[in-house]
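The structure presented is a predicted model; accordingly, all values stated were derived computationally and were not measured.
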Amino acid sequence: MINTVTDKKLLYSLSQNSEGLTDHVGEDMAVVGVAQWETTRKSTGDECVCTGFVLEDGRCITTLSPTVAECMMALSQFVGAPAADNPITLRAEYRKSNNKNEFLTVVLV
């Protein structure tokens with residue numbers, strides 16, 4: 001939940017100064033914060049959910065992947081929200097669907 005000025009600054013960093021998750025596939029990421037917000041894909045104009053990760057080293061990483069958005073909602077139910085005193089290590093991976101379509105997901109390490 002975004003309540004404090006620090007939270008708002010963090011959300012701004014996620015939305016404006018982030019790296020793409022696709023640039024970090026296969027990398028173990030110590031996540032200390034996650035935020036999700038609605039946005040619009042520039043290429044199509046379609047509405048989507050952006051998932052942003054704050055890493056322990058201060059980097060911000062985002063993705064518009066619907067699969068990652070679903071993963072994070074499920075993960076929060078099972079593991080809870082990551083925090084500075086309780087980082088969660090995740091790794092982005094590409095997987096193939098039954099139809100052989102490739103998609104991006106995150107796994108708990």
Counting only heavy atoms not in Glu38, do more than 12 fall under 6.0 Å of its CD? no

Counting only heavy atoms not in Glu102, do more than 12 fall under 6.0 Å of its CD? yes

Using side chain to side chain contact (heavy atoms under 4.5 Å, CB included), reason through Thr89 and Met29 one step at a time and then give a plain yes or no. CA-CA 5 Å; Thr89 303; Met29 301 177 295; over 6 Å; no

[atom1]-[atom2] distance between [X] and [Y], expressed to the nearest 0.5 angstrom:
X: Phe78; Y: Leu108; atom1: CZ; atom2: CG; answer: 11.5 Å
X: Gln36; Y: Glu70; atom1: CD; atom2: CD; answer: 10.0 Å
X: Ser97; Y: Phe103; atom1: OG; atom2: CZ; answer: 6.5 Å

Shortest non-hydrogen contact from [X] to [Y]?
X: Thr39; Y: Cys50; result: CG2-CB, 3.9 Å
X: Leu90; Y: Val109; result: C-CG2, 4.0 Å
X: Ile61; Y: Gly20; result: CG2-C, 4.0 Å
X: Pro82; Y: Val34; result: CG-CG2, 3.7 Å
X: Val49; Y: Ala69; result: CG1-CB, 4.1 Å
X: Arg41; Y: Leu64; result: NH2-O, 3.1 Å

Could you work out, with salt bridge (Lys or Arg N to Asp or Glu O under 4.0 Å) as the rule, every residue matching Arg91, not counting sequence neighbours? Asp28, Glu93

Side chains of Leu21 and Val68: does their closest heavy-atom pair fall under 4.5 Å? yes

Between Tyr94 and Val25, does the side chain to side chain contact (heavy atoms under 4.5 Å, CB included) criterion hold? Intermediate values first, please. CA-CA 8 Å; Tyr94 282 110; Val25 172; 3.6 Å; yes

